[in-house]
Amino acid sequence: MSINLKSLIPVFDAEWIGSNTDVFIDHISIDSRSLQNGSKTLFIALSGSNNDAHLYIEELIEKGVQNFAVQYIPESVKGKANFLVVKNTLNALQQFASYYRDLFDFPIIGLTGSNGKTIVKEWLNFLLSPDYNIIRSPKSYNSQVGVPLSVIAINEKHNLGIFEAGISTVNEMEKLEKIIKPNIGVLTSIGSAHDEGFENLEQKIKEKLLLFKNTNVIIYQKNELVDKCLADFSAENPIPDRTFFSWSFKDNSADVFILKKETKNELTIIQYQYEDKASDLEIPFNDSASVENAISCLLVLLYFKYDSKTIQNRVQMLYPVQMRLEVKNGINNCSIIDDSYSSDFQSLKIALDFLESQQKKNATKTVILSDIFQSGFSNEELYSKVSQLVSANKINRVIGIGPTISSFKDKFSNCIAFQDTASFIEAFESLNFSNETILIKGARSFQFEEIVSLLEEKTHETVLEINLDSISHNLNYYKSKLADDVKIMVMVKAFGYGNGGLEIAKLLEHHKVDYLGVAFADEGISLKNGGIKLPIMVLNPESTSFPSIIQYKLEPEIYSLKGLNAFLKIAKEKNLKDFPIHIKMDTGMHRLGFEENTIDELIQTLKNNSSVRVQSILSHLATSDDPKHFGFVEKQIGLFEKLSSKLMSELNINPIRHILNTSGISNFPNAQYNMVRLGIGLYGVSNDSSEQKYLENVGTLKSIISQIRTIPSGDSVGYGRRFMAEKETKIATIPIGYADGISRLWGNEIGFVTIKNQKANIVGSVCMDMLMVDVSNINCKEGDSVIIFGESPTVIEMAEALKTIPYEIMTSISQRVKRVFFR
Ligand SMILES: *Cc1c(COP(=O)(O)O)cnc(C)c1O
């Protein structure tokens with residue numbers, strides 16, 4: 001793309017404030033971290049209620065970005081770049097995408113539905129790629145932001161588009177339709193996901209159908225409700241020759257009627273009738289969701305007039321879709337980003353941005369890349385572009401695998417090439433991987449999973465997976481509850497409530513939270529050593545740690561005269577000026593803090609003292625989640641108001657004041673003062689069940705099945721023979737135990753794990769490193785994945801059963817359990 005920026009003035013209905021010369025852009029970005037931002041980038045500064053990209057403009061100008069679409073021009077950057085000033089930057093992004101879409105005229109498949117969009121999209125891409133140059137949404141880019149970003153990656157060489165659209169409430173689809181403008185519509189499975197945003201299923205279906213306003217065909221699974229919605233929809237949005245192309249297991253009036261379906265081990269064989277002819281199709285999956293998704297693909301192929309033989313040949317090659325980028329610990333202090341199942345140009349850009357966000361200090365950046373297929377470009381053009389992208393991202397070494405990338409190896413300044421994966425594996429030892437962040441990205445046929453397994457650190461199979469996107473989501477949820485100028489401190493004590501300290505702190509730093517809070521000085525020191533620049537408050541500083549607090553520029557919470565005097569003594573010795581400290585008041589928690597009767601002495605001590613500065617005054621609520629005690633909380637807030645006001649007026653200072661934790665934010669919106677301290681809510685747990693549904697689960701504790709055996713009736717399982725089989729029972733052993741943080745109280749059929757979406761009760765006592773579950777009714781095998789907690793059971797359920805609180809469950813997970821972060 002090369003677009004004259006000024007030609008966008010009418011598209012955006014924008015005001016132009018910038019140079020008078022013509023400016024051309026070739027890249028659109030909304031991500032301030034991307035190293036792909038350059039002088040020809042148009043940066044669109046999105047501004048949500050909780051994240052304002054306008055704050056990054058100054059930084060971006062320093063890095064060479066010249067062109068911005070903004071809602072306002074921040075004072076500090078006036079006159080320093082070109083600005084398109086618009087009313088709403090999200091609208092501008094969408095208007096641009098829609099304008100850009102109109103420059104192209106080839107068939108576009110639009111997918112929507114509750115489940116299966118991404119899988120059907122990936123599969124259609126695979127099935128149709130022998131015959132088309134396809135542009136598709138990368139990963140699950142299907143939102144109000146993701147859809148425009150997907151569409152603006154179209155180029156002149158594409159001749160088929162496949163885009164997915166996802167919505168969570170009414171009035172969203174119309175906007176997405178304008179951007180995708182599909183001519184072929186596919187409705188995938190309609191489940192109950194995101195039901196909160198809709199009054200009922202009918203409204204949800206009708207809203208989704210709006211994607212098909214201008215399509216010539218709508219492909220769907222026939223059912224009464226959908227048929228009714230489609231009839232209403234067609235009446236409201238008539239198109240002369242629109243056809244409906246339906247399939248069904250039950251209704252033989254569907255265009256494609258499934259006559260038979262049988263499962264054989266891992267396979268499903270269906271027989272379908274289409275145009276009076278019955279054909280067989282072998283689908284390489286045995287779960288019903290995959291079968292339905294494969295049938296959606298079948299209909300698209302029939303619509304494209306493929307014969308049953310070609311369809312059979314291609315469908316039997318379908319594969320499980322990996323939808324996310326995963327970060328794994330590698331050998332020799334490497335980190336690995338595993339994207340070993342796709343190799344298109346657009347997803348390479350996304351993966352490189354992800355690499356940057358995961359980059360460890362001083363580590364080398366390496367990309368292992370296979371040949372790239374169906375980019376639309378000639379190879380010459382394609383590898384020039386790849387090389388530019390790689391150098392913009394400051395990649396230190398490129399390892400190309402495949403005949404094509406090998407022959408273009410000279411386009412890169414630092415590329416080692418191999419003809420195939422096997423030759424790479426042969427040379428593996430000599431490549432000396434160490435202290436590198438390695439992106440592994442390849443087309444399926446290259447089987448890069450073998451490379452991943454070579455590079456991956458071998459540990460036991462239990463991991464705690466942390467979803468970084470969910471953390472961002474939860475942060476934004478709580479930010480949206482805050483008044484405009486209220487700051488936010490996030491508590492990352494105890495390794496981010498067990499979820500991982502540094503990685504989460506880095507993410508929070510990117511989101512520009514105002515403060516981090518830790519319990520002890522050493523937690524703060526390891527964050528500072530990891531490169532965190534945000535101010536960090538230490539809740540519980542011991543006097544012995546004061547020197548390192550000062551050295552690492554941490555900020556102590558001071559809660560007693562003794563502590564204050566000790567700190568002042570060191571501060572004077574070191575000649576400090578205005579060193580920030582935080583004064584904690586005890587307003588009823590009776591844990592730490594100045595009590596009312598010590599305030600006068602506190603004031604006397606602080607008066608005329610220039611070595612420290614009261615950066616904030618805080619207190620902590622004893623019970624912000626239980627309505628029974630709300631009267632008490634009001635008293636605490638009242639006392640805080642009184643004590644902090646006294647301190648402020650007598651010392652003539654104006655510090656930040658804060659008292660609310662997570663449940664405080666939910667229940668006492670009037671006591672936000674200047675800052676709040678968010679803890680458990682960030683990690684996906686609310687103490688309030690009505691709020692829980694707005695949060696996303698962050699941590700999933702996973703393991704695998706080590707061994708399966710069947711025991712006869714009357715036999716027992718585990719230490720102390722606490723489980724006695726009353727009938728023949730299939731037992732699976734899982735390598736996680738109380739030493740990993742799973743309470744023994746969770747054993748003996750109180751607790752359960754999830755295997756293949758089914759509950760498996762824990763039988764017998766939990767051992768130190770293992771536990772056993774009953775899998776008599778579950779079709780599973782050794783090596784299968786097991787969920788210990790996450791979506792089910794949730795830590796909340798576990799906490800209830802164990803008569804404790806989610807905090808304890810989360811922070812109990814031992815540090816020997818690897819943390820794996822992903823988006
Ligand atoms: C841990 C902690 C918080 C956060 O509490 P949540 O209930 O997890 O939100 C806030 N303030 C102080 C002083 C804390 O110790």
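Scope of the values below: all heavy atoms of this structure, side chains included, with no hydrogens, waters or symmetry mates. Atoms within each ligand, like the ligands themselves, are counted from 1 in listed order. Not measured: the values here are computed from a predicted model.
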Report the nearest protein non-hydrogen atom to [atom]: residue, atom name, distance rounded to 0.1 Å.
atom: atom 12 (C) of ligand 1; value: H620 CE1, 3.3 Å
atom: atom 5 (O) of ligand 1; value: N661 CB, 3.5 Å
atom: atom 11 (N) of ligand 1; value: R677 NE, 2.7 Å
atom: atom 14 (C) of ligand 1; value: K493 NZ, 2.8 Å
atom: atom 7 (O) of ligand 1; value: Y807 OH, 2.6 Å
atom: atom 9 (O) of ligand 1; value: T662 OG1, 2.5 Å
atom: atom 8 (O) of ligand 1; value: Y497 OH, 2.6 Å

| How are the rings of H582 and H658 set relative to one another: parallel (under 30°), tilted (30 to 60°) or perpendicular (over 60°)? | perpendicular
| If you measure from the Lys or Arg side-chain nitrogens to the Asp or Glu carboxylate oxygens, is any gap between E523 and K528 under 4.0 Å? | no
| field | E465 and K702 ion-paired at < 4.0 Å | value | yes
| task | Would you sort out whether H510 and Y56 count as a ring pair (Phe, Tyr, Trp, His ring centres under 6.0 Å), showing the intermediate values? | result | CA-CA 10 Å; H510 173 72; Y56 307 91; 5.7 Å; yes
| For Y683, the option from Y478, Y497, Y807 that meets ring pair (Phe, Tyr, Trp, His ring centres under 6.0 Å) | Y497
For ligand 1, which atoms have a heavy atom of [X] less than 4.0 angstrom away?
X: G679; answer: 4 (C), 6 (P), 8 (O), 9 (O)
X: I680; answer: 6 (P), 8 (O), 9 (O)
X: L539; answer: 13 (C), 15 (O)

| Between L618 and ligand 1, is there a nitrogen or oxygen pair with a distance under 3.5 Å? | no
Are the side chain of [X] and the backbone N or O of [Y] linked by a donor-acceptor pair below 3.5 Å?
X: S548; Y: S545; value: yes
X: E557; Y: I583; value: no
X: S619; Y: D586; value: no

| said: Please work out, at 4.0 Å between heavy atoms, whether the side chain, the backbone, both, or neither of R591 comes within that distance of ligand 1. | reply: side chain
